[in-house]
Number of protein chains: 2
Amino acid sequence: MRTPEELSELFRQRGRKVTPQRQCIFRVLEGNVTHPSAEVVYEAARAEMPTISLKTVYQTLNDLAELGEIQALDLGTGMARFDPNVDGAHHHLVCHECGKVRDLYADLDGLTIGQSDAQGYDVRSAEVVFRGRCEDCRTAEGAGAGASAGSGRRASFRAATTATE
Amino acid sequence: MRTPEELSELFRQRGRKVTPQRQCIFRVLEGNVTHPSAEVVYEAARAEMPTISLKTVYQTLNDLAELGEIQALDLGTGMARFDPNVDGAHHHLVCHECGKVRDLYADLDGLTIGQSDAQGYDVRSAEVVFRGRCEDCRTAEGAGAGASAGSGRRASFRAATTATE
DNA sequence: TGTCAATTAACAATCGTTGGCAATAGAGTG
DNA sequence: CACTCTATTGCCAACGATTGTTAATTGACA
Ligand SMILES: [Mn+2]
Ligand SMILES: [Mn+2]
Ligand SMILES: [Zn+2]
Ligand SMILES: [Zn+2]
């Protein structure tokens, strides 16, 4: 994603207006490596601009995705995650417990498949998602607080645990 | 996934009853390589058993997933896809146009990452999703019916695989 | 300054999925 | 067979993420 200034210029060129709400969202996303959900972007934006609406956040995120400035990711956490990092090809580590997402820049050149394996598909992208528990969730397990003994919520990939970053 | 007969036995052992509805779903899933959604399983089951309910389908699919006999996949197509193939490690080709899913058994070397790359994550699985257009969708495009307007889909993916054309 | 896009509030609607309930069916057990 | 208890069904509500609607207001930019 470009800088907020460049994005403002880009928006003007495309006939879109540069509103303080959009600029606020640009700033929230700038250098953001947390792959935030729309809700998280909304909360961060509200800290600066309490009257901003969730609808505007969704609208602007979609605008940015259309322009190719961010990428909407479906990592199986139940909500779209938005990635301002669209320049470097990379993959993702996803914590299946808290949903935290980290970039992974490991060299996975073995990812190219031959035409025989493609089974007629015109393959355009290969996404790798590594799943596991993040360090925070692992250490938090050792620290007792056993109230979360797994009775109810089973392994549904839709687990929507709103954890604290 | 085991055979319907073995599944029936397994269900009995676990105290679950073997109903004709469940057996019907077992049969629908047996050897099914299409990665059907719950709705598709429902339709197939209804062909044999018109009064079966969608609720029972969901329930049984969840039961089978809990037992590890099938796997629920989130491939970004909007609905869970169910895979009776849980024995062989494999990956998936997904058509971003029609949602068709095919298994991919190619040997992907670089899929293991070192501990230094894992960033503290306890990595348990690595899923690779290759996205592209399937052969049917590609040939269907060539056959007239241009309709380049209509859906403003974005295609901001980088090619990570060897081009087939 | 004027115009028109953008924002807002307050909703309803969507879609996949789950949950609740009461009535009925039927699988397992003896 | 008879009993019991799970499963199924129908129907409908609810969920959570996202999009749509409408009307009123704001404000960016020419
Ligand atoms: Mn990323
Ligand atoms: Mn598969
Ligand atoms: Zn975590
Ligand atoms: Zn297709």
Side-chain angles (χ1 to χ4, degrees), chain A residues 4 7-26 35-43 45-46 48-66 72-82 99 152-162, chain B residues 4 7-26 35-43 45-46 48-66 72-82 99 151-153:
Chain A
L7 287 179
S8 296
E9 183 54 31
L10 178 66
F11 266 54
R12 284 200 193 88
Q13 287 176 4
R14 301 299 178 106
R16 294 173 154 98
K17 293 184 176 174
V18 177
T19 67
Q21 289 89 346
R22 286 175 172 170
Q23 290 174 300
C24 177
I25 294 170
F26 296 167
H35 306 78
S37 64
E39 201 75 35
V40 168
V41 172
Y42 176 50
E43 292 305 325
R46 266 211 301 191
E48 280 186 50
M49 187 174 285
T51 67
I52 196 172
S53 76
L54 179 58
K55 185 146 227 282
T56 297
V57 171
Y58 271 110
Q59 182 57 52
T60 302
L61 289 173
N62 286 339
D63 287 345
L64 286 169
E66 262 182 41
L73 302 173
D74 183 353
L75 299 172
T77 60
M79 328 151 269
R81 307 289 288 256
F82 296 91
R153 34 175 196 160
R154 276 268 158 217
S156 169
F157 62 75
R158 190 172 274 288
T161 57
T162 38
Chain B
L7 287 179
S8 296
E9 184 54 31
L10 178 65
F11 267 53
R12 282 200 195 89
Q13 285 175 6
R14 302 297 178 109
R16 295 172 153 99
K17 294 184 175 174
V18 177
T19 67
Q21 290 88 347
R22 286 175 172 170
Q23 289 174 302
C24 177
I25 294 170
F26 296 166
H35 306 80
S37 65
E39 201 73 37
V40 168
V41 172
Y42 176 50
E43 292 304 327
R46 267 212 298 191
E48 280 187 51
M49 186 175 286
T51 67
I52 196 172
S53 76
L54 180 57
K55 188 161 228 265
T56 297
V57 171
Y58 271 110
Q59 181 58 51
T60 301
L61 289 172
N62 286 338
D63 287 346
L64 287 169
E66 262 182 40
L73 302 173
D74 184 352
L75 299 172
T77 61
M79 326 150 272
R81 308 289 287 258
F82 296 89
S151 55
R153 305 269 174 272

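Every heavy atom of this structure was used, including side-chain atoms; hydrogens, water molecules and symmetry mates were not.
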Item checked: Annotated protein contacts, base or backbone, on nucleotides 3-14 of chain D with a non-hydrogen cut-off under 4.0 Å, one of B, S, - each -> --BBSSSS----
Rounded interatomic separation in angstrom, taking [atom1] from [X] and [atom2] from [N]:
X       : N      : atom1 : atom2 : value
B/Glu39 : C/dT17 : CD    : P     : 8 Å
A/Met79 : D/dT19 : CE    : P     : 14 Å
A/Arg81 : D/dT18 : CZ    : C1'   : 16 Å
A/Tyr58 : D/dG16 : OH    : P     : 13 Å
A/Arg12 : C/dA6  : CZ    : C1'   : 14 Å
A/Phe82 : D/dA17 : CZ    : P     : 12 Å
A/Gln23 : C/dA6  : CD    : P     : 14 Å
B/Gln13 : C/dT29 : CD    : P     : 12 Å

Item checked: Terminal helix-axis angle for the helix from C/dT1-D/dA30 to C/dG30-D/dC1, with five pairs defining each axis and rounding to 10 degrees -> 40°
Check: Between A/Asn62 and D/dT19, is there a side-chain N or O to OP1/OP2 distance below 4.0 Å?
Finding: yes
Check: Is a donor on one side and an acceptor on the other found under 3.5 Å between the side chain of A/Arg22 and the backbone of A/Leu7?
Finding: no
Check: Sequence neighbours excluded, which residues qualify as side-chain contact (heavy atoms from CB on, under 4.5 Å) partners of A/Ala38?
Finding: A/Tyr58, A/Leu61, A/Phe82
Item checked: Under the side-chain contact (heavy atoms from CB on, under 4.5 Å) test, residues paired with B/Tyr42 that sit two or more places apart -> B/Glu39, B/Arg46, B/Ile52, B/Leu54, B/Val57
Check: With A/Ser37, which residues qualify under side chain to side chain donor-acceptor pair (under 3.5 Å), at least two apart?
Finding: none
Checklist line | 5′-ward residue of the pair B/Ser37/B/Pro20 relative to DNA chain C | finding: B/Ser37
Margin query: Quick one, A/Arg16 and A/Asp63 - any side-chain contact, counting heavy atoms below 4.5 Å?
Written below: yes
Notebook entry, point to check: For B/Asn62 and B/Glu66, does a side-chain donor sit closer than 3.5 Å to a side-chain acceptor?
Noted result: no
Checklist line | Taking every non-hydrogen atom, the tightest pair across A/Arg81 and A/Gly99 | finding: NH1-O, 3.0 Å
Margin query: To the closest 0.5 Å, what do you measure between NE2 (A/His35) and OG1 (A/Thr77)?
Written below: 11.0 Å
Item checked: Contacts of type ring-ring contact (aromatic ring centres under 6.0 Å, His included), residue A/Phe11, not counting sequence neighbours -> A/Phe26
